[in-house]
Amino acid sequence: MLDPDVIRIKTDFVKESIAKKGADASIVDAFLKVDNKRKELIKKVDALRHDRKILSEEIRKKIAIKESAEKIKEKVREIGNDIKEKDKVLNDLNKQFTDLSLRIPNILHHSVPYGKDETDNIVIKSWGEIRNFDFQPKPHWETAENLGIIDFQRGVKISGTRFYALKGMGAKLERALISWMIDLHVEKHGYKEIFPPFLVSRTSMTGTGQLPKFEDDLYHCEKDDLFLNPTAEVPLTNLHRDEILNEEDLPIKYVAYAASFRREAGAAGKDTRGIIRVHQFNKVEMVMFVKPEESYSYLEELINHAEDVLRLLNIPHQLKKMCTGDVGFAAAIKFDPEAYFPSQDKYVEISSCSNFESFQARRANIRFRTKNGKIEYVHTLNGSGLAVSRTMAAILENYQQKDGTVLIPKVLQKYTGTDRITPEI
RNA sequence: GGAGAGAUGACCGAGUGGUUUAAGGUGCACGCCUGGAAAGCGUGUGUGGAUCACAAGUCCACCGUGGGUUCAAAUCCCACUCUCUCCGCCA
């Protein structure tokens, strides 16, 4: 949600930003129209309420001295009816106002490069040396199936397309990755570990920006009106919804593992093989609540924490800066670390680090009290650290051997209890 | 799922129809006191909105949410949500 004053005063700027994101900027005009009507009506209703208050007080005085107050009563009754009528209209305007506010995308940070879609994203740095394979590297799904550590067919049997089951060392490696990543972020990077609910309410989803616009992308439990979280960002950010934090407690840094669920509506035919794009995947997520003036330095820190995971795993990767058309609805700026996949000779998104500035904080009403008592919205940031299932795929690809076995990265061996995955039946 | 109790400002808590412009306390901020601190004393301190220069001032709303009764609602009525206790079911 944007500051309404910013929309009112810097209208053209806001529209321009929305257009750059590839969204329809006419929503701003719709918003301003409702906003004006709403303000006009508030003025009228407030004045009426004021009148009623004063006349009511007169009635009280008359009754106290045992004088008839019938005439004034009648007048106040009329005012009351007028208020009631106008209130109905105002209620409707308020709903429109809120709904439109929630549908206006965040304003872009000025440094975001212009571009239409993901093809216009910019690689800003690369790390690691791509291994020289003396054989044709296999895609991760082949390696995994050959090793017997992943079962696509039975996953589909159980739940349908884009589901899979991990078996034996596959399951263990997944678990090892989760534990190691969380330990790393807690011990080295200073995050507090959270184990959040995986099902979240409509209010929570609205707070982080998935709703009301992207309901189709979410799994929904109708009976209870609960949603399966698409990322731990949702429960983590909502941890402090409707709270006023203390300045000295900032920054607050949380890390959590959560199974994440996405309907992948509209992704038909994209990454259909393997475990790159599935309906349920594991992710370790980092979320920060910071003071506004510090949010961009913490964004760098956050990106570094995500990249640190890849560095320690010794997986070649690059960092991409999202262009205006690919930043998305809620973020002001977004950077994606991408891991190298040798079978496709391609980099694949494995994390996504964003600064939402006060966009989510306004929606979720997360504020902090400064030392001199002022109340301000925090800035929220989040980044995957990392998408566990994709990391597994990246390991299977980058660490595969000619004989079909897969070496386990050094940092994980303590967690897996072995340094190599060999075929399992 | 059943029964009961409850939901008031950052926190605790009073308030069952009309000076409540939400008592009081805690916390916090500032000041006095002190060598410094604590204690003590004093002053200030809810949120949102309208007007407007996001100043001062003025006005309106907010006591879980939404309706209703009334000239007037934190206070009465109805529905819902959430929390707690007990019972039931259950990993």
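The structure presented is a predicted model; accordingly, all values stated were derived computationally and were not measured. So you know, we letter chains A, B, ... as the sequences are listed, proteins then strands, and number each from 1.
- Remark: the separation of the C1' atoms in B/G88 and B/C78 is 29 Å, to the nearest Å.
- A gap of 30 Å separates the P atoms of B/G48 and B/A39, to the nearest Å.
- For A/Gln153, there are no side-chain hydrogen bond (donor to acceptor under 3.5 Å, both in side chains) partners, not counting sequence neighbours.
- The separation of B/A61 from B/A74, taken at their C1' atoms, amounts to 14 Å, rounded to a whole angstrom.
- Going from the C1' atom of B/U70 to that of B/U83 covers 32 Å, rounded to whole Å.
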Which donor-acceptor pairs under 3.5 Å do the side chains of residues 164-174 of chain A make with protein atoms, sequence neighbours left out?
{"unit_1": "A/Lys172", "atom_1": "NZ", "unit_2": "A/Thr416", "atom_2": "O", "d": "3.4"}
{"unit_1": "A/Glu174", "atom_1": "OE2", "unit_2": "A/Asn282", "atom_2": "ND2", "d": "2.7"}
{"unit_1": "A/Glu174", "atom_1": "OE2", "unit_2": "A/Ser389", "atom_2": "OG", "d": "3.1"}

Reading 5' to 3' and counting Watson-Crick or G-U wobble pairs with both distances under 3.5 Å, write the dot-bracket notation for RNA chain B, | for bases paired outside the strand.
((((((((.[[[..)..(.....]]]((((((.......))))))((((((.....)))))).[[[[[..)....]]]]])))))))....

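- Residue pairs meeting the ring-ring contact (aromatic ring centres under 6.0 Å, His included) criterion with at least one partner in residues 16-49 of chain A, sequence neighbours excluded, are A/Phe31-A/Phe97.
- Classification of A/Glu142 and A/Arg273 as a salt-bridged pair fails, no side-chain N sitting under 4.0 Å from a carboxylate O.
- Listed by first and then second residue, the salt bridge (Lys or Arg N to Asp or Glu O under 4.0 Å) pairs involving residues 27-40 of chain A are A/Arg8-A/Asp35, A/Lys15-A/Asp29, A/Glu40-A/Lys43 (not counting sequence neighbours).
- Going from the C1' atom of B/G67 to that of B/C12 covers 31 Å, rounded to whole Å.
- Here the separation of B/A10 from B/G35, taken at their C1' atoms, is 35 Å to the nearest Å.
- With respect to A/Asp99 and A/Lys95, no salt bridge is recorded, no charged nitrogen being found less than 4.0 Å from a carboxylate O.
- For the pair A/Glu243 CD and B/G9 P, the computed distance is 14 Å after rounding to whole Å.
- As a whole-Å value, the separation of A/Leu245 CG from B/U47 P is 15 Å.
- Sequence neighbours left out, the pairs with a member in residues 350-386 of chain A that pass ring-ring contact (aromatic ring centres under 6.0 Å, His included) are A/Phe329-A/Phe359.
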Where along nucleotides 68-73 of chain B does protein come under 4.0 Å, by heavy atom, of base (B) or sugar-phosphate alone (S), with - for untouched nucleotides?
-S-BS-

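- No engagement by A/Asp242 is indicated, since no non-hydrogen atom pair under 4.0 Å with the nucleic acid exists.
- Rounded to whole Å, the distance from NZ on A/Lys86 to P on B/A61 is 16 Å.
- The pair A/Lys75-A/Glu78 does not count as a salt bridge, with every side-chain nitrogen at least 4.0 angstrom from each carboxylate oxygen.
- A search for side-chain hydrogen bond (donor to acceptor under 3.5 Å, both in side chains) contacts involving A/Lys20 returns nothing, not counting sequence neighbours.
- Going from atom CG of A/Leu90 over to atom P of B/G67 covers 11 Å, rounded to whole Å.
- At whole-Å resolution of the value, CG in A/Asn365 and P in B/C62 are 18 Å apart.
- Straight-line distance from the CG atom of A/Asp87 to the C1' atom of B/C62: 13 Å, rounded to whole Å.
- Atoms CD1 (A/Ile244) and P (B/C11) sit 8 Å apart, rounded to a whole Å.
- Considering only residues two or more places apart in sequence or on other chains, A/Ser159 meets the side-chain hydrogen bond (donor to acceptor under 3.5 Å, both in side chains) condition with none of them.
- Screening residues 219-244 of chain A for salt bridge (Lys or Arg N to Asp or Glu O under 4.0 Å), with sequence neighbours left out, gives A/Arg202-A/Asp225.
- Judged as a salt bridge (Lys or Arg N to Asp or Glu O under 4.0 Å), and not counting sequence neighbours, the contacts of A/Glu70 are A/Lys73.
- Nucleotides B/A72 and B/C33 have their C1' atoms positioned 49 Å apart, rounded to a whole Å.
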List the protein contact pattern of nucleotides 48-60 of chain B with one symbol per nucleotide (5' to 3'): B for base contact, S for sugar-phosphate-only contact, - for none; contact means a heavy-atom distance under 4.0 Å.
SBSS-------SS

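- Using P as the reference atom, B/C84 and B/U69 are 35 Å apart when rounded to the nearest Å.
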